[in-house]
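Keep in mind that what you see is a predicted model, and the values were worked out from it rather than measured. Numbering of residues begins at 1 and proceeds along the displayed sequence. All values below were derived from every heavy atom in this structure, side-chain atoms included, with hydrogens, water molecules and symmetry-related copies excluded.
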Amino acid sequence: MLVGGLPRKDGMTRADLIRANGPIFTGQGKAINESAAQDVRILTVANPCNTNCLIARSHAPKVPSERWYAMTRLDQNRAASQLAKKAGVGVGDVKKMTIWGNHSDTQYPDYKNATIGGKPAPQVITDAAWLSDTFIPTVAKRGAAVIKARGASSAASAANAAIDSLRSASTPTAAGDCFSAGVLADSNPYGIPAGLIYSYPLTTRTGRAGRSCPGSRSTTTRGSGWTPRRRS
């Protein structure tokens with residue numbers, strides 16, 4: 001679990017983080033390539049996690065590409081919490097809440113494929129304006145809001161999301177559910193350009209993680225023909 005990196009602070013941009021953390025993840029990738037066990041799985045937590053994951057992976061050619069994950073579970077947990085609060089249900093009633101794209105404000109929190117109490121989320125929450133104008137930006141920009149409020153990035157919630165990510169990647173996914181993580185997008189069924197570390201719905205079966213989630217399709221408020229942004 002790669003957590004070692006300069007944390008984002010108020011006023012910092014993604015470019016600032018990349019300049020600081022890029023060399024760190026170059027070294028971590030080399031160390032993993034030289035010393036990691038054959039069955040290693042790597043979760044990148046430090047931000048920008050998609051880019052850091054891509055940097056580390058590029059310096060560890062011995063490690064199969066499907067072993068690398070970038071954490072978008074924090075965004076998934078935030079999104080599920082928002083939907084549950086709006087619907088007046090427990091967070092456990094929200095399933096298939098997917099984060100598409102990057103762990104940044106360019107992400108797409110996909111309520112259209114989510115379910116609440118077994119029903120499609122838009123059937124339970126019929127306030128379309130809230131879903132598009134409040135829910136999406138609240139989730140996508142929550143990291144910046146946390147930094148502004150406390151002067152530092154998330155701590156306990158990020159740690160909890162990391163634990164959730166490790167559990168989801170190593171234990172079978174419950175029927176009718178999925179989880180989000182950034183993975184190498186090569187050969188994905190969603191039309192995402194190859195070569196990106198990109199978050200989309202995944203399932204784990206019999207100890208193998210990284211499979212696409214059956215029944216999920218790439219949809220956004222821009223329509224089903226949304227083109228993913230090339231930000232790794």
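- Using modelled atom types, no side-chain atom of S35 and backbone atom of I32 make a donor-acceptor pair closer than 3.5 Å.
- When all heavy atoms are compared, the tightest approach of G195 to L54 is O-CD1, 3.8 Å.
- Within the model, atoms CG of L166 and CE of M71 stand 9.5 Å from one another, a figure rounded to the nearest 0.5 Å.
- Without hydrogens or angle criteria, N188 side chain to A185 main chain gives a donor-acceptor distance under 3.5 Å.
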Check: Run the side chain to side chain contact (heavy atoms under 4.5 Å, CB included) check on I136 and Y111 step by step: do they pass?
Finding: CA-CA 9 Å; I136 290 176; Y111 64 86; 4.0 Å; yes
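- Considering all non-hydrogen atoms of both residues, I125 and L83 come closest at CD1-O, 3.7 Å.
- When all heavy atoms are compared, the tightest approach of P23 to I18 is CD-O, 4.2 Å.
- Aromatic pair Y190/W100: ring centres closer than 6.0 Å.
- Looking only at side-chain heavy atoms (C-beta outward), N33 and H59 stay at 4.5 Å or farther from each other.
- Under the 4.5 Å side-chain heavy-atom criterion for ILVMFWY residues, a single connected hydrophobic cluster contains both V183 and M1.
- Proximity of R41 to S170: side-chain heavy atoms (C-beta onward) are separated by under 4.5 Å at one or more points.
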Next item on the list: Test side chain to side chain contact (heavy atoms under 4.5 Å, CB included) on D164 and N160 and set out the steps.
Entry: CA-CA 6 Å; D164 289 342; N160 184 63; 3.6 Å; yes
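- Taking CH2 of W130 as the reference point, atom CZ of F135 lies at 6.0 Å (rounded to 0.5 Å).
- Linking Ile, Leu, Val, Met, Phe, Trp and Tyr residues whenever their side-chain heavy atoms come within less than 4.5 Å leaves Y69 and V63 in two separate clusters.
- Follow the hydrophobic side-chain contacts under 4.5 Å out from M97 and you reach Y200 in the same cluster.
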Next item on the list: Please lay out, stage by stage, how I99 and D110 fare under the test side chain to side chain contact (heavy atoms under 4.5 Å, CB included).
Entry: CA-CA 6 Å; I99 302 298; D110 184 8; over 6 Å; no
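- Across A70 and L43, no two heavy atoms sit closer than the pair C-CD1, 4.3 Å.
- In this structure, the side chains of T138 and Q82 come closer than 4.5 Å at one or more pairs of heavy atoms.
- No side-chain heavy atom of R78 sits under 4.5 Å from any side-chain heavy atom of S81.
- Residues Y198 and Y108 share a hydrophobic cluster, clusters being chains of Ile/Leu/Val/Met/Phe/Trp/Tyr side chains in contact below 4.5 Å.
- One side chain, S199 or T72, offers a donor N or O that lies under 3.5 Å from an acceptor on the other.
- Here CG of L74 is found 9.0 Å from OG of S165. Values are rounded to the nearest 0.5 Å.
- Shortest non-hydrogen contact noted between C178 and T203 is CB-CG2, 4.2 Å.
- When atom types are taken as modelled, the side chain of Q123 and the backbone of P120 share no donor-acceptor pair closer than 3.5 angstrom.
- Side-chain atoms of N50 never come within 3.5 Å of backbone atoms of G182 as a donor-acceptor pair (strictly under, hydrogens ignored).
- Counting only distance, with no hydrogens or angles, the side chain of N21 and the backbone of I24 share no donor-acceptor pair below 3.5 Å.
- For the atom pair CD (Q38) and NZ (K62), the distance works out to 10.5 Å, reported to the nearest 0.5 Å.
- Using a 4.5 Å heavy-atom cutoff, the side chains of V89 and I116 are in contact.
- Counting heavy atoms from C-beta outward, V45 and L2 have side chains that stay 4.5 Å or more apart.
- Looking at S180 and R73, their side chains never bring a donor and an acceptor atom within 3.5 Å of each other.
- Contact check for I197 versus N52: no side-chain heavy atoms found under the 4.5 Å cut-off.
- Smallest separation of non-hydrogen atoms from D177 and K96: OD1-N, 2.8 Å.
- F179 and W68 end up in different hydrophobic clusters when Ile, Leu, Val, Met, Phe, Trp and Tyr side chains are linked at under 4.5 Å.
- We find the CZ-OG1 distance between R57 and T44 to be 11.5 Å, quoted to the nearest 0.5 Å.
- Defined by atom type and a distance below 3.5 Å, a donor-acceptor pair is present between the side-chain atoms of D75 and H103.
- Rounded to the nearest 0.5 Å, atoms OG1 (T173) and CG (L202) are 8.5 Å apart.
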